[in-house]
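In what follows, a structure is listed as structure tokens, so that the remarks can point back to it.
What you are looking at is a predicted structure, and each value in this text was computed from that prediction instead of being measured. Numbering starts at 1 and runs along the sequence shown.
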Amino acid sequence: MEVEANRRRTGPSPFSRPPQPRAASTFARPVVAPRESLHAGATGEERKTLERRRRNGGQWFYWIAALSLINAVLAFAGQEWRFILGLGATQLVHEMAKSGSAGTKAGLVGVALIVVFAVMGQRAVQGHRWAFLLGMVLFALDGALFVLIQDWVGVGFHAFALLMIGRGYAAARQLPPLDA
């Protein structure tokens, strides 16, 4: 009986709802090819994120140069402590200068290395991919010095800095290349 009464109604049931649009998932992100989308005019937010990541990666070279300069000044002042993230090559040059009378030459070599990393930082922040690559190779070679003397904390910090610089390089690769 109830079944027949339900069939006779021509209108919708008071318990049924009209179809509702599905809410977009917060986990789903649109799949976009990074290179094509940025060349074809990606959203400003994506570009800002990549530029910020590139700039942050390039600024690691500034940190390396600044801490190496502080390490060099402290070493020439006779202090025994140092920052871990500085260049091992400047420390090596200073130690070699202690054993001989080449203190001025060692200081100049150390300053030259620091200037090279500062220039790499400037070029990398501007977006030059070659600066990232050259700087990462030089810093990896510097990290090899820490491996040779078995300073594993220094090796770890070099690896972390290389990872962060590499993230900046990856972002620079997704941005359009510079004309100059």
Sidechain-backbone polar pair: [X] side chain, [Y] backbone, donor-acceptor under 3.5 Å:
X: Asp142; Y: Gly88; answer: yes
X: Ser68; Y: Leu87; answer: yes
X: Arg167; Y: Arg53; answer: no

Walk me through it: do Asn56 and Gln59 pass the test side chain to side chain contact (heavy atoms under 4.5 Å, CB included)? CA-CA 5 Å; Asn56 288 344; Gln59 287 175 346; 3.8 Å; yes
Point-to-point distance, once rounded to the nearest 0.5 Å, from CD1 of Ile64 to OG1 of Thr90: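 Those atoms lie 11.0 Å apart.
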Approximate separation, where rounding is to 0.5 Å, of Arg129 CZ and Leu134 CG: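 So the CZ of Arg129 and the CG of Leu134 are separated by 16.0 Å.
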Considering residues at least two apart in sequence or located in another chain, which fulfil the side-chain contact (heavy atoms from CB on, under 4.5 Å) criterion with Val147?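 Checked Val147 against side-chain contact (heavy atoms from CB on, under 4.5 Å); matches are Trp152, Val155.
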Report the C-alpha separation of Phe61 and Val125 in whole Å, then their side-chain angles, then the decisive distance to 0.1 Å, and conclude whether the side chain to side chain contact (heavy atoms under 4.5 Å, CB included) test is met. CA-CA 9 Å; Phe61 292 117; Val125 167; over 6 Å; no
Taking Ile114 as the starting point, is it possible to reach Leu92 by hopping between hydrophobic residues whose side chains are less than 4.5 Å apart?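 No; Ile114 is not reachable from Leu92 via cluster members.
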Sequence neighbours left out, what passes ring-ring contact (aromatic ring centres under 6.0 Å, His included) with Tyr169? Give chain and number order.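 Tyr169 satisfies ring-ring contact (aromatic ring centres under 6.0 Å, His included) with no other residue.
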Within the supplied structure, the quantity of interest is the number of heavy atoms (other residues, nucleotides, ligands) at a distance under 6.0 Å from Tyr62 OH; does it exceed 12?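 It does: Tyr62 OH has more than 12 such atoms within range.
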Where Arg123 and Ala131 come nearest, the two heavy atoms and their spacing: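 Nearest heavy atoms, Arg123 then Ala131: CB-CB, 3.5 Å.
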